[in-house]
Student: 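Pasting a structure here, questions to come.
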Amino acid sequence: MAEERTPNFIEQIIDRDIAEGRWGPAGDSSVIRTRFPPEPNGYLHIGHAKSIWLNFSIARRYGGRCFLRFDDTNPAKEDREYIEAIQEDVRWLGYAWDGPVRYASEYFEWMYELAKELIAKGRAYVCELSAEEVRQMRGTPGEPGKESPWRNRPAEESLDLFERMRAGEFPDGSKTLRAKIDMAHPNLNMRDPVMYRIVRKPHPHVGDRWCVYPMYDWAHGLEDSYERITHSLCTLEFENHRPLYDWFIDAINEGREEKIHHSQQIEFAKLLLTHVLLSKRNLLAMVQEGIVRGWDDPRMHTLRGMRRRGWTPESIRAFCEEVGVTKYNSLIDFGRLENAVREHLNAVAPRRMGVLRPLRVVIENYPEGKVEMMDAVNNPEDPGAGTRKVPFSRELFIERDDFMVDPPKKFFRLRPGGEVRLRYAYWITCTGFEADPQTGEVVLVRCTYDPQTRGGEAPPPAPDGTRRKVKGTLHWVSAPHAIKAEVRLFDRLFRAEQPGKATGDFRDDLNPDSMEVVRAMLEPALGPEPASDEPAWSDGIRRFQLERHGYFCVDPDSTPERMVLNRTVSLKDSWQKAKKQ
RNA sequence: UACCCGAUGGUGUAAUCGGUAGCACGACAGGUUUUGGUCCUGUUGGUCCAGGUUCGAGUCCUGGUCGGGUAGCCA
């Protein structure tokens with residue numbers, strides 16, 4: 001309603017349908033009905049998010065309905081675990097389906113009766129060819145296939161056989177029900193496709209009630225029909241299946257008193273991202289080979305992984321909206337997804353200070369034992385987020401990268417003799433440092449502070465009117481108050497835009513530094529107990545911006561004794577970029 | 001060598017009936033800034049090719065080129 005966005009090609013079709021009254025009274029958009037129909041055979045990933053977003057946002061746009069339906073037609077591959085996980089992930093993304101969860105398996109009886117109608121009409125037959133024979137007789141693109149010897153058996157015989165298939169009289173794979181279409185059809189899907197196969201496997205939803213299971217092409221249009229889906233949205237690889245989708249519904253309706261609902265299938269391009277692998281096979285390989293720690297590893301682009309990494313549902317939805325829907329197979333730069341989460345988190349994430357690689361600093365003219373509580377802004381983008389108190393004392397930690405003995409040009413951080421601002425605290429000047437005699441590594445920096453700069457304010461101008469300036473502002477943590485934490489710094493899992501494209505093996509493109517674990521020092525507000533002014537997150541996960549570093553969330557591995565933070569994404573860093581040039 | 005689909009700056013996506021090719025991201029250059037973040041301003045750069053129809057074509061027609069999909073008793 002609110003958005004002025006121009007309608008995508010699917011919405012344009014729907015607009016026309018509504019104007020013409022194709023699905024109900026002309027002008028009534030509330031008849032629009034979509035569905036998200038996952039097979040419960042794996043965890044949802046960012047690619048599914050696009051489909052979820054599309055179906056649910058269309059229903060919302062038109063005031064229609066969107067169902068969640070498990071397309072559970074193949075018990076050999078499906079599992080209860082996924083039925084639970086998928087619902088959880090859809091909810092996490094922020095969507096509520098209309099009514100109960102639907103299951104294709106609950107429509108099997110109806111489908112079975114319709115199959116018998118087709119047999120009776122001579123549009124389907126029981127075939128006794130083996131899988132291998134069917135494959136060989138299908139022909140190839142360019143040359144026609146051969147007809148099954150069972151193709152023209154009497155309808156009564158097929159009917160009898162089909163009933164006995166269901167009754168469990170025949171072994172797995174021994175017979176199939178096939179549609180009688182055209183073995184010379186240029187579209188391979190139309191060469192007498194299999195409608196039912198015999199499979200004896202316990203089904204995750206309906207148990208052992210069935211031993212014949214419908215194939216996708218036969219089942220899917222019927223599922224849509226049963227639920228009176230108006231627009232059945234799917235990905236481009238089903239384009240060649242649409243003629244069959246339509247053929248089945250038309251064949252059923254031919255000569256039938258009571259017509260069944262005929263949804264319109266519309267195909268769109270699935271989400272393709274650089275630096276990411278989403279296929280079930282590759283995801284599984286990464287888990288099984290220990291490349292990642294599991295399906296919810298923060299480097300994985302399963303929705304579970306992204307949730308643990310700190311991605312927000314809001315940012316994923318905004319990303320889908322941003323990249324849009326077309327029939328063009330585009331490859332989206334992963335940076336777009338990172339931008340989306342930065343944009344959301346920049347607006348709402350509370351700012352905190354945390355030192356990832358600590359370097360000790362002593363303020364030599366600051367009294368020992370003195371502690372001042374400094375006022376720090378929680379979010380400069382949101383004045384309503386308020387302020388907090390941060391303790392300051394004589395001994396601090398600053399970032400190792402923020403001090404250099406012999407810095408390059410344009411380095412505005414701390415150096416011997418140099419002055420910088422400590423954010424919300426004081427201006428300090430470096431008076432010396434100590435290095436490890438063995439390694440040369442700096443282990444301590446000595447500074448003095450200017451009491452006139454409390455809060456980080458510039459000191460009053462000198463009598464001659466000149467004003468002192470500092471170029472750099474550093475974050476810091478008071479050493480005696482610091483909270484020790486484990487911080488996991490994640491980076492892309494793959495270095496190549498298209499992992500595996502160069503050599504054929506994605507393992508060759510793995511980023512060896514996709515996870516770095518550091519012992520960090522955090523300000524007290526980052527303790528195990530949420531501060532009272534932290535925002536309420538839709539999923540209850542605590543998220544922060546560590547100033548000058550990036551966005552982080554609290555990992556479930558955290559305990560009251562030890563905080564564990566995950567870096568969702570770093571801040572943009574024009575200094576890093578400048579250094580590389 | 002079959003069938004289906006697609007093609008607009010670096011990337012993604014708009015352009016009503018055929019009528020000024022726009023927006024976002026990136027890159028680059030400035031400005032603001034107590035985060036080298038954010039924000040603001042500016043610059044850069046595009047209709048796959050060849051014909052045709054038309055006063056006028058990204059849009060319509062014809063032919064090509066390039067890219068994707070399709071030969072599971074998977075979905």
Student: Could you tell me whether A/E267 contacts a base, only the sugar-phosphate backbone, or nothing, with contacts defined as non-hydrogen atoms closer than 4.0 Å?
Tutor: nothing
Student: Roughly how many Å apart are B/rA14 and B/rC48, using the P atom of each and rounding to a whole number?
Tutor: 15 Å
Student: For A/F411, report the nucleic acid contact type (base, sugar-phosphate, nothing); a contact means any heavy atom under 4.0 Å.
Tutor: base
Student: Check the distance between B/rG37's P and A/D573's CG and give it to me in whole angstrom.
Tutor: 8 Å
Student: Under 6.0 Å from the CG atom of A/D15, do we count more than 12 heavy atoms belonging to anything else shown?
Tutor: yes
Student: Can you tell me how far CZ of A/R191 sits from CZ of A/R178, rounded to the nearest 0.5 angstrom?
Tutor: 11.5 Å
Student: Should the pair A/H45 and A/H48 be assigned to parallel (<30°), tilted (30 to 60°) or perpendicular (>60°) ring geometry?
Tutor: tilted
Student: Just checking A/E143: base, sugar-phosphate only, or nothing, at a heavy-atom cut-off of under 4.0 Å?
Tutor: nothing
Student: Just wondering, are more than 12 heavy atoms of other shown residues or ligands nearer than 6.0 Å to NZ in A/K327?
Tutor: yes
Student: On a plain distance test, is the side chain of A/R351 in donor-acceptor contact with the base of B/rU35 below 3.5 Å?
Tutor: yes
Student: Indicate, with a heavy-atom threshold strictly under 4.0 Å, whether A/Y424 touches base, sugar-phosphate, or nothing.
Tutor: base
Student: Kindly state which residues belonging to residues 374-387 of chain A come within less than 4.0 angstrom of RNA chain B, counting heavy atoms of the residue only, listed by number.
Tutor: A/P380, A/E381
Student: Round to the nearest Å and state the distance from A/H549 atom NE2 to B/rU38 atom P.
Tutor: 16 Å
Student: Looking at A/Q576, does any N or O in its side chain come under 4.0 Å of the phosphate oxygens OP1/OP2 on B/rG37?
Tutor: no
Student: Taking B/rC61 as the reference, what is the distance to B/rA7 when you measure between their P atoms (whole Å, please)?
Tutor: 13 Å
Student: What integer distance in Å separates A/R16:CZ from B/rC17:P?
Tutor: 11 Å
Student: Starting at CG of A/N339 and ending at P of B/rG37, how long is that distance when rounded to a whole Å?
Tutor: 14 Å
Student: Going by side-chain contact (heavy atoms from CB on, under 4.5 Å), A/H475 matches just one of A/I398, A/D402, A/L422. Which one?
Tutor: A/D402
Student: Please determine if a side-chain N or O atom of A/K410 lies less than 4.0 Å away from the OP1 or OP2 oxygen of B/rG36.
Tutor: no
Student: Within the pair A/S330 and B/rU13, is there a side-chain N or O less than 4.0 Å away from OP1 or OP2?
Tutor: yes
Student: For B/rC4, take OP1 and OP2 only and decide whether either is under 4.0 Å from a side-chain N or O of A/R242.
Tutor: no
Student: Can you see which heavy atom on A/G221 is nearest to which on A/Y245, and at what distance?
Tutor: CA-CE1, 3.4 Å
Student: Could you state the CE-C1' distance from A/M353 to B/rG37, rounded to the nearest angstrom?
Tutor: 15 Å
Student: Have a look at A/L396 and tell me which of A/V477, A/I428, A/V355, A/I363 forms a side-chain contact (heavy atoms from CB on, under 4.5 Å) with it.
Tutor: A/I363
Student: Please give the distance between the C1' atoms of B/rU11 and B/rC49 as a whole number of Å.
Tutor: 23 Å
Student: If I pick the C1' atom on B/rG30 and the same atom on B/rG51, what distance separates them, to the nearest angstrom?
Tutor: 47 Å
Student: Just label B/rC28 as syn or anti from its O4'-C1'-N9-C4 or O4'-C1'-N1-C2 angle, using within 90° of 0 for syn.
Tutor: anti
Student: For A/F334, I'd like to know if atom CZ has over 12 heavy atoms of other residues, nucleotides or ligands within 6.0 Å.
Tutor: yes
Student: Can you tell which of B/rU35, B/rA14, B/rG12 lies closest to the side chain of A/Q545?
Tutor: B/rU35
Student: Can you spot which of A/R351, A/K389, A/R388, A/R423 makes a salt bridge (charged side-chain N to carboxylate O under 4.0 Å, His left out) with A/E523?
Tutor: A/R388
Student: If only side-chain N and O atoms of A/T6 are considered, is one of them under 4.0 Å from the OP1 or OP2 phosphate oxygen of B/rA14?
Tutor: no
Student: Nucleotide by nucleotide, 5' to 3', does protein get under 4.0 Å of the base (B), only the sugar-phosphate (S), or neither (-) in nucleotides 68-75 of chain B, counting heavy atoms?
Tutor: SBSBSBSB
Student: Which residue, A/V325 or A/R413, contacts RNA chain B at a nucleotide closer to its 5' end, judged by nearest heavy atom?
Tutor: A/V325
Student: A/I332 has a side chain; which of B/rC3, B/rG12, B/rA27 sits nearest to it?
Tutor: B/rG12
Student: So, A/R543 side chain and A/G310 main chain: donor-acceptor pair closer than 3.5 Å or not?
Tutor: yes
Student: If you check the A/L571 side chain, which of B/rG36, B/rU35, B/rA14 turns out closest?
Tutor: B/rU35
Student: Can you check the distance between B/rG31 and B/rA24, where both ends of the measurement are the C1' atom (answer in whole Å)?
Tutor: 22 Å
Student: Using the C1' atom as the reference point in each nucleotide, state the distance between B/rG56 and B/rC39 in Å, no decimals.
Tutor: 43 Å
Student: Rounded at 0.5 Å granularity, tell me how far CD in A/E419 sits from CG in A/L414.
Tutor: 10.0 Å
Student: Atom CG in A/D182, atom CD in A/E147: separation rounded to 0.5 Å?
Tutor: 8.0 Å
Student: With respect to A/Y196, which candidate in A/Y125, A/F108, A/W210, A/F162 satisfies the ring pair (Phe, Tyr, Trp, His ring centres under 6.0 Å) definition?
Tutor: A/F162
Student: Think A/K327 has a side-chain N or O under 4.0 angstrom from the OP1 or OP2 of B/rA7?
Tutor: no
Student: For the C1' atoms, the ones on B/rA75 and on B/rC23, what distance do you get once it is rounded to whole angstrom?
Tutor: 37 Å
Student: Sticking with atom P, work out how far B/rC17 lies from B/rA2, rounded to a whole angstrom.
Tutor: 35 Å
Student: Using both pair distances under 3.5 Å as the test, note the stems of at least 3 consecutive Watson-Crick or G-U pairs that include RNA chain B.
Tutor: B:2-7 with B:65-70, B:10-13 with B:22-25, B:27-31 with B:39-43, B:48-52 with B:60-64
Student: Strictly below 4.0 Å: does A/K577 bring a side-chain N or O up to OP1 or OP2 of B/rC28?
Tutor: yes
Student: Under 3.5 Å, is there any donor-acceptor pair linking the side chain of A/E322 to the base of B/rU13?
Tutor: no
Student: Can you tell me how far P of B/rU13 sits from CG of A/L54, to the nearest Å?
Tutor: 13 Å
Student: Between B/rG12, B/rG37, B/rU35, which one does the side chain of A/E547 approach most closely?
Tutor: B/rU35
Student: Could you say whether the aromatic ring of A/Y328 and the base of B/rA7 stack, counting only centre distances under 5.5 Å and plane angles under 30°?
Tutor: no
Student: Taking syn as a glycosidic torsion within 90° of 0 and anything else as anti, which one is B/rG72?
Tutor: syn
